[in-house]
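Here is the structure we will look at, set down as structure tokens.
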Amino acid sequence: MEMNDDDKEIRQIAAELHTEILPGTEIMADVGSHHFVKGSGSKTVLIPQPSDDPHDPLNWSVGWKAACITSAAMVTFSQGFGPLALAPMFPALMQTFECTLEEAVQFTGVCILVLGFSNFLWVPISSSFGRRPVFLFSQIINFGTSIWRAKATSYSSFMGACVVNGIGAGPAETIMPAVIADIFFLHDRGKWNTLYWVVYMGSLMVSPIISGSMAENLGWRSFWWLNTGLLGASFVMVVFMFPETKYHRQHHGQANTAGVVQPAAHNNSDIETDKPTSSEIEKVSSTTPPMPDLEHVETATKDPYLGKGSPRKGQWALFQPNAHPFKSILLDLWIPWKLFAFPIVEFASFVVSWSCSSFLTLNLTQSQAFAAPPYNFSAQNIGFMNFAILVGAFIGLFTAGPLSDFVSARSTRRNNGVREPEMRLPAMIPYVIIMFLGNIVVAVGYERHWPWQAIVVIGFTCAGIQVAGLPAIVSTYAVDSYKPVAGSLFVSMTVNKNVWGYGFSKFITPWAVKDGFIPPIMTNASLILLWCLFGILFWWKGKTVRRWSRNSSVHRM
């Protein structure tokens with residue numbers, strides 16, 4: 001909870017509300033004499049509280065925020081575009097490189113594995129030097145590997161390109177969520193995190209559609225030249241549209257919601273210190289509730305730049321200076337492993353991992369199922385089937401974020417303006433049902449050779465809906481609980497997801513050949529259901545779990 005309040009004030013608020021304020025608990029309304037910065041024309045308390053610096057990304061205008069999120073989304077999309085584009089190309093790649101289907105599938109599996117662990121490189125750089133250098137340097141790597149793939153003439157050469165591409169594509173899974181936390185407030189975070197998952201997963205869904213058609217009509221190498229152009233365009237967008245969003249708001253006493261005084265964990269010499277922070281401006285106090293016509297005056301007094309700010313020149317630099325980069329890098333290398341000991345992070349990691357593997361299953365089995373009798377579909381037609389997954393993802397985009405924000409807001413109102421992260425979890429229910437239904441249709445449909453329309457329209461669409469919904473809700477819950485380490489948190493989730501994805505890619509093809517499609521697909525679906533059911537436990541006892549870690553150093557990063 002970032003409200004620029006000291007330990008004494010937090011205790012006063014807790015006493016007035018008769019509630020325990022833990023890390024993750026947010027106060028979404030004025031409490032007695034404690035008044036907070038609110039959105040223009042709104043009574044919603046802004047979390048985190050912005051500073052009165054016009055260069056604070058939370059204060060940036062709608063135009064600058066739109067430019068940032070658009071270019072970040074383009075990086076995420078373009079980096080995810082290549083790794084899972086191979087499924088419709090498998091027959092062509094098997095012919096070109098004289099390899100088996102299992103060997104061709106490893107082009108995808110190895111890339112996924114490396115991609116997850118590459119964030120142990122990118123997230124420390126992001127935390128120490130900023131988001132901008134990560135986007136720029138990673139896109140240069142991806143640009144080179146895309147050309148490499150287009151020109152590869154042997155299995156080992158193409159595999160090498162896949163490995164290096166995995167290194168370059170890592171930021172697609174971790175940096176955009178950090179950017180969202182940098183520039184948007186808590187009450188909007190659900191929909192923006194859903195946008196992230198749809199952009200990322202959407203890139204994985206669109207690429208097979210395009211690659212299948214191009215492989216059949218223009219040759220598989222043509223797709224990688226298209227990918228090269230997309231990466232180049234994204235690089236240009238970052239150069240001109242993405243200023244640095246990493247910013248440290250110096251709070252009074254650095255107090256966290258648990259009442260622990262927080263020293264800054266990293267040196268932030270890149271932040272201008274000549275302007276007073278909002279903690280230095282006297283808070284407006286009143287013994288009576290604020291009148292509606294005073295809301296705008298109070299907000300303007302505390303933060304006159306809200307919605308009017310813009311980046312400073314230094315935020316366009318190639319990187320942000322850091323007096324102690326090695327210390328912060330070592331810390332960022334350790335924190336993701338430490339987070340595995342946190343039950344909420346484990347819960348989010350396993351739900352994300354297995355939910356995404358439900359989509360990965362379709363990517364890895366669609367050629368195996370539909371290129372064979374009785375379907376005998378071409379690579380182009382198999383690629384087009386991914387439109388159904390994409391449609392499902394858009395349904396998830398327009399429902400999951402708004403639904404989780406609505407459910408949280410309603411519960412907050414009923415809880416006297418106090419928001420707990422667990423309030424999002426009931427929004428998972430419809431997506432769990434959709435997930436299991438979709439997996440049944442795909443598994444049984446593949447095995448019994450149902451009409452392809454049923455498998456694709458129902459099964460593939462359900463897969464798209466759940467992969468946009470479930471990861472967005474649980475990852476937002478985890479970020480709400482441990483905001484200071486959002487980047488490291490996504491590293492933990494990504495490593496978990498991609499290790500499982502690599503393992504799944506190794507055994508699903510031979511398992512399906514030996515036992516049919518039902519055992520592997522429904523085993524995976526049952527595991528998703530198992531991890532999602534833990535949501536009931538966290539909805540009931542999540543605050544108790546957060547109490548266990550209230551004094552952890554992760555809240556003082």
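For Asn386 and Gln366, the side-chain atoms include at least one donor-acceptor pair closer than 3.5 Å. No side-chain donor-acceptor contact under 3.5 Å links Thr494 and Asn119. Using modelled atom types, one finds a donor on one side chain and an acceptor on the other under 3.5 Å when comparing Ser157 with Trp148. For Tyr431 and Thr399, the side-chain atoms include at least one donor-acceptor pair closer than 3.5 Å. Side-chain N/O atoms of Trp122 and Ser138 include no donor and acceptor closer than 3.5 Å.
By the 30° and 60° cut-offs, the orientation of the rings of Trp531 relative to Phe350 is parallel. By the 30° and 60° cut-offs, the orientation of the rings of Phe507 relative to Trp500 is perpendicular. Aromatic ring orientation, Tyr477 versus Phe538: perpendicular (interplanar angle above 60°, classes split at 30° and 60°). Using cut-offs of 30° and 60° on the angle between ring planes, the pair Phe223 and Phe81 is parallel.
Taking the six-membered ring for Trp and the full ring otherwise, the centers of Phe158 and Trp220 sit less than 6.0 Å from each other.
When atom types are taken as modelled, the side chain of Lys65 and the backbone of Ile183 share a donor-acceptor pair closer than 3.5 angstrom.
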Fill in: Criterion ring-ring contact (aromatic ring centres under 6.0 Å, His included) on Phe235 and Phe143, from CA distance to verdict
CA-CA 9 Å; Phe235 179 84; Phe143 187 85; 8.2 Å; no
Residues Tyr155, Phe107; criterion ring-ring contact (aromatic ring centres under 6.0 Å, His included); working and verdict: CA-CA 9 Å; Tyr155 181 91; Phe107 288 138; 4.8 Å; yes
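Exactly one residue among Gln315, Arg131, Arg132 makes a side-chain contact (heavy atoms from CB on, under 4.5 Å) with Thr245. That residue is Arg131.
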